[in-house]
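See below for the structure under consideration.
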Amino acid sequence: MAPRKLAAGNWKMNGTLASLEQIDQLLADHPAPGCDVLICPPAVLVHAMAARASGRIAVGGQDCHAKASGAHTGDIAAVELADVGASHVILGHSERRTDHAETDAQVEAKSVAAHEAGLIAVICVGETEAQRDAGETLDVISAQLAGSVPAGATAANTVIAYEPVWAIGTGRTPTNDQIAEVHALMRERLSARFADGADMSLLYGGSVKPSNAAEIFATPHVNGALVGGASLKAADFGPIIAALSAA
Ligand code: PGA
């Protein structure tokens, strides 16, 4: 099995019920995309979006708790996301790692919870600009992969997203050689550790937009994208889906 192609949208803390019309537009413009399509809206919209999409695109959460239930005010369990129609959950996004001081161990525990709930974990890794400037990128990515991806990960239940922190929401992107270097390392590390690591989908994320998508998707071991700002509007996300379908 080859890695599945996945165009994943991360709406972050953006969108209301009215934004769901973007799903109608996306489905109208791309009724049969040549790749998997996932949107992760704010948790309060997961149920309504899943109903609206009725299986034509996948819907996911942006975080989950490591426990299945309990006294954790404000948190959301993986089983709760699954219950309202989510099939995926983003874990370890750099904004969670920064805003909520999430550690690799917590991301690993959340990933286990996601797997137990039957969700596909989209586990994010990425270096800061200071780490890149210090020549530490490959070490940082290796350590995050080792610490965040649980032993039970398979190509069916896990997707890895490489998102350089300095490229998120900045309009700046690494060169294709820089993306290729990290993706080759990830493929090598995952293949060494997991029986089907060669088949895991590896996404690039950070300022992906219609104008740079095709070039990024031509990079070896890039099987799709995790898209923030450009996933909010069907007019932007649609061409990215088309570029991945054609890649
Ligand atoms: P961006 O965000 O596409 O807006 O840079 C990507 C992400 O954080 O997943």
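The analysis underlying the following values was restricted to heavy atoms, covering all of them including side chains, and did not include hydrogens, waters or symmetry mates. Whatever order the structure lists ligands and atoms in, that order sets their numbers, starting from 1. What you are looking at is a predicted structure, and each value in this text was computed from that prediction instead of being measured.
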As a test of reading the model: which residues have a non-hydrogen atom less than 4.0 Å away from ligand 1?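 Within 4.0 Å of ligand 1, the protein residues are Asn10, Lys12, His93, Glu163, Ala167, Ile168, Gly169, Gly206, Ser207, Leu226, Val227, Gly228, Gly229.
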
Just jot down the side chain to side chain donor-acceptor pair (under 3.5 Å) partners of Glu116, sequence neighbours excluded, or say none. none

Does Val107 reach the side chain of Arg97, with side-chain heavy atoms less than 4.5 Å apart? yes

Residue pair Val149 / Ile160, side-chain heavy-atom distance below 4.5 Å: yes

Under 3.5 Å donor-acceptor pairs involving side-chain atoms of residues 2-17, not counting sequence neighbours:
unit_1: Arg4; atom_1: NE; unit_2: Asp36; atom_2: OD2; d: 2.6
unit_1: Arg4; atom_1: NH2; unit_2: Asp36; atom_2: OD1; d: 2.9
unit_1: Arg4; atom_1: NH2; unit_2: Asp36; atom_2: OD2; d: 3.4
unit_1: Lys5; atom_1: NZ; unit_2: Leu244; atom_2: O; d: 2.9
unit_1: Lys5; atom_1: NZ; unit_2: Ser245; atom_2: O; d: 3.2
unit_1: Lys5; atom_1: NZ; unit_2: Ala247; atom_2: O; d: 2.9
unit_1: Asn10; atom_1: OD1; unit_2: Lys12; atom_2: N; d: 3.0
unit_1: Trp11; atom_1: NE1; unit_2: Ser231; atom_2: O; d: 3.0
unit_1: Lys12; atom_1: NZ; unit_2: Glu95; atom_2: OE2; d: 2.9
unit_1: Asn14; atom_1: ND2; unit_2: Trp11; atom_2: O; d: 2.9
unit_1: Thr16; atom_1: OG1; unit_2: Ala18; atom_2: N; d: 3.3

State which residue, out of Glu163, His100, Gln62, fulfils the side chain to side chain donor-acceptor pair (under 3.5 Å) condition with His93.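 By the side chain to side chain donor-acceptor pair (under 3.5 Å) criterion, His93 pairs with just one of Glu163, His100, Gln62: Glu163.
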
Residue set satisfying ring-ring contact (aromatic ring centres under 6.0 Å, His included) with His65, at least two apart, ordered chain then number -> His72

